[in-house]
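Below is one structure, written out as structure tokens; the observations come after it.
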Amino acid sequence: MNVLKELRHRTAKALAPLVDDPQPFAAMVKPAQDAQFGDYQANCAMPLAGKLKQKPREIAEQIVANLEVDDLCEPPEIAGPGFINFKLKDDWIASQGQALLNDERLGVEDSEADRTVVVDFSSPNVAKPMHVGHLRSTVLGDAICRILRFRGTQVHSDNHIGDWGTQFGMIIYGYKHFLDQSAFAENQVAELSRLYRLVNQLSDYHAAVKALPELEEQLQSQQQLLEAKRGELDTSDKKARKEIGKLEAAVKATQDRIESTRSKLKEVESDPALKALADQDLEIARHARLETAKLHQGDAENTELWNQFLPACLAMLHQMYERLDIHFDMELGESFYQPMLTDVVDSLKQQGLASESDGAMCVFIEGNDAPFLVQKQDGAFTYATTDLATIRYRINELKADEILYVVDARQSEHFKLLFETARQWGFDQTEYQHVSFGTILGEDKRPFKTRSGDTVGLESLIDEAVAQSRKIVDEIDDSKPDGPELDAETRANVAEMVGIGGIKYADLRHNRDSDYVFSWDKMLAKDGDTATYVQYAHARICGIFRKGDIDRASLRTASGSPLISAPEERALLLQLTRFGEAIEAVCEDYRPNQLTQYLFELSNLFSSFYVNCIVLKEENAELRTSRLKLCDLTARTLQTGLKLLGIETPEQM
RNA sequence: GCGCCCGUAGCUCAGCUGGAUAGAGCAACGGACUUCUAAUCCGUAGGUCGGAGGUUCGAAUCCUCCCGGGCGUGCCA
């Protein structure tokens, strides 16, 4: 049972004689802000005062008089201006705990079986190695899928892979010009990946050669402008200072770009072999694009290469997903929708939605300056077109009631236009949601990069996390009072779970809308709100069962509800009954940080319980059994909760 | 220029469909290992919620303006 829902339901009944629509007022029942006020509180008497023209406390008294809650609560108390405070009865909490003990779902209601949700997340480009930029979408999207599924929703997780874009042209070009046959024979994926990076680097090099003089010129004119403004503007004037500040920032930005451009040049020029390759083709970028265009036009050779390379590229991605324990129901990439795009644009034209503007096909949405561009001047389709085709497919074929896009917040305008276009196109019975998220920042508050300014590869990020947690595992296990407990293999497994769990948890614990600062120290810290802390609480419980040689299954069917003999037991049990609330809170607006917060609090309450309530050596057999039940329920809730976030739980650490 | 987002404790962040003295974690300080893992627990200290107005019985939360920062802005995805 979801206690919060139940209390709202009861409150709604009590409100029925007072107002026509009690729902919004019943929704004002919330978990108590402060334990001193009880467990839950109703805040609806105050806003009703104005509406009913009575004093809030009088209204509260009427509500309390109508309330039928004596089976679950102590008599509700009215406090302050008109708060109604609920304190759950100990024996009721205990009976709830007993019920949860035999509930596979741990109190989470299964209420959404008739609802189909498509979750679009991760969506990397094939052939490019995944990097930190993919982390949030991947981790967040996976957690959302798991949580929705656990709640009973029909979920289709879809990896909308970029498998039809310019990067394939680069690989094809690289294959035709720079292939190392023996390397290719030995490891196809590694060689393709090398070719991609090589062509990309050479393209960047030529772009840099071209850009440098322009940048230097730009810098000069910016500096001149700055000097001029400094001379003519009155620095005591705020507007003028601001203008100068902006110019200074622009100069700095240009200087940074020049520096990074120079380092790109140096990288190639300091390597004679690389320089020679660069000199072979001064227009490599254009030629690579040409390969892409040939592919799109159905060129036989390039199509064959695409067919040959794609499985290998996907395999490379799957390796990463396997390690992250992330799986998709489908991987319908851009290429899948390619044959439908002409028809999409025709359909939009027919309905009068799309019209020509500056040689491109555009959908203009009222209230938006920028058009939604579905076909470019050169006739090529855009990702807008693909996204529309995808929507049509998801609704017609997958019967989606709702589509979630777990994508960076910077694309919000695109989705605004996409959703509105889809609705006007006729797909207006489906809910669309851009589950947006902020940027991962480095300690310098700039987007997270390596020391040298490159994007951080996902693989190296994970390796680093696992290596660091391995050091901690070794250190702690070696210093255990009774000697080390873990063999090398176990240590490696624990390090993997702690390292990857740490990365995922650090991401999920933040409100998805916020940018957050990536910190190794905080992510893997032994203290604080981390995966490690939650995993440790779970491992301690497993230790109890191991040492006591406890049969957990028979524990669950043992007679008698848990006993509440100490405040720590009550607090722990109460939290355990609230797992369903936490899941609901996540689903409300797709915010997994609601679940991390719940799990952290649960771990915290357990740790207090652990310190204050001895379990195995408890002499009172009934109390010992009761506490073992709390341990079992806590362990299962922690394990299930972490699993819903995609995080594993070691039994020993 | 226009649009979107952000500004909460020394640091990292919750809280934001208005509700009681604004919460956590880290760092700081003080305690607790003959007891099931001290990767732990308990306690202390720390805030004019960027600023100013407004709406309200009540504002970190809603509205307006200002200051500071980020992002996006027709043919990359």
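Only this structure's heavy atoms are used, side chains among them; waters, hydrogens and symmetry mates stay out.
A:K416 comes within contact range of no nucleotide atom at all, as no heavy-atom separation falls under 4.0 Å. Within the 4.0 angstrom heavy-atom criterion, base atoms lie near A:P47. Across all strands, A:D513 comes closer than 4.0 Å to no nucleic acid atom at all (heavy-atom distances). Using a 4.0 Å heavy-atom cutoff across all strands shown, A:Q535 reaches no nucleic acid atom at all. Contacts of A:F37 with the nucleic acid, taken as non-hydrogen atoms under 4.0 Å apart, include base atoms. Within the nucleic acid shown, A:A537 has no heavy atom closer than 4.0 Å to any nucleic acid atom. If you check every strand for non-hydrogen atoms under 4.0 Å, A:Y610 touches a base. Base contact: A:Q36 has a heavy atom under 4.0 Å from a base atom. Within the 4.0 angstrom heavy-atom criterion, no nucleotide atom of any strand lies near A:M28. Residue A:D477 is classed as having no contact, given no heavy-atom separation below 4.0 Å to the nucleic acid. As judged by a 4.0 angstrom heavy-atom cut-off over every strand, A:A380 is placed among residues making no nucleic acid contact. Within 4.0 Å of A:C362, counting heavy atoms only, lies at least one base atom of the nucleic acid. Among the protein residues, A:V615 comes within range of the nucleic acid bases, having at least one heavy atom under 4.0 Å from a base atom.
Picking from B:A38, B:G72, B:C75 the nucleotide with the shortest atom distance to the side chain of A:R410 gives B:G72. When distances are taken from the side chain of A:N511 to each of B:G74, B:A14, B:A77, the shortest belongs to B:A14.
The aromatic rings of A:F448 and A:F518 sit parallel, their planes meeting at an angle under 30°, below the 60° perpendicular limit.
With RNA chain B read from its 5' end, the first of the two nearest nucleotides for A:A370 and A:Q41 is the one closest to A:Q41. Nearest-nucleotide mapping onto RNA chain B: of A:G528 and A:L441, the residue sitting toward the 5' end is A:L441.
At whole-Å resolution of the value, CD in A:Q33 and P in B:U61 are 15 Å apart. At whole-Å resolution of the value, CD in A:Q468 and C1' in B:A39 are 15 Å apart. In this entry the distance linking NE2 of A:H510 with C1' of B:A14 reads 9 Å, nearest Å. Nucleotide B:A38 holds its C1' atom 12 Å from the NZ atom of A:K480, rounded to whole Å. One atom, CD of A:Q594, and another, C1' of B:A24, lie 14 Å apart when rounded to the nearest Å. A:F606 places its CZ atom 11 Å from the C1' atom of B:U37, with the value rounded to the nearest Å. Taking atom CG of A:L605 as the reference point, atom P of B:C41 lies 10 Å away to the nearest angstrom. Rounded to an integer number of Å, the gap from CG of A:D515 to P of B:G72 is 12 Å.
For RNA chain B, the stems formed by at least three consecutive Watson-Crick or G-U pairs, with both atom-pair distances below 3.5 Å, span B:1-7 with B:67-73, B:10-13 with B:23-26, B:28-32 with B:40-44, B:50-54 with B:62-66.
Heavy atoms from other residues, nucleotides or ligands lying under 6.0 Å from CD of A:E77 number 12 at most.
Side-chain polar atoms of A:N511 and A:Y516 form no donor-acceptor pair below 3.5 angstrom. Side-chain contact annotation: A:T490 with A:D487, donor-acceptor N/O pair under 3.5 Å present. Inspection of the A:Y337 and A:D387 side chains reveals no N or O donor paired with an N or O acceptor under 3.5 Å.
For B:C42, the OP1/OP2 oxygens have a side-chain nitrogen or oxygen of A:S608 closer than 4.0 Å. An OP1 or OP2 oxygen of B:C13 is reached within less than 4.0 angstrom by no side-chain nitrogen or oxygen of A:K522. Here A:N593 reaches the OP1 or OP2 of B:G15: one of its side-chain N or O atoms lies under 4.0 Å away. At B:U12, none of the side-chain N or O atoms of A:R509 fall inside 4.0 Å of OP1 or OP2 (strictly under the cut-off). Contact annotation: A:K526 side-chain N/O to B:A38 OP1/OP2 distance is not under 4.0 Å. Of the side-chain N and O atoms in A:T439, none sit less than 4.0 angstrom from OP1 or OP2 of B:C71. Not one side-chain nitrogen or oxygen of A:N368 sits closer than 4.0 Å to the OP1 or OP2 atom of B:G3.
Using a cutoff of 4.0 Å between basic side-chain nitrogens and carboxylate oxygens, A:D39 and A:R578 are not scored as salt-bridged.
No donor-acceptor distance shorter than 3.5 angstrom exists from the side chain of A:E569 to the backbone of A:C613, with no hydrogens or angles considered. Proximity of a side-chain donor or acceptor of A:D477 to a complementary backbone N or O of A:L486 within less than 3.5 Å is detected.
With hydrogens and angles left out, the side chain of A:Y383 and the base of B:A77 share a donor-acceptor pair within 3.5 Å.
The aromatic ring of A:F83 is stacked on the base of B:A20, with the two ring centres less than 5.5 Å apart and the planes inclined by under 30°.
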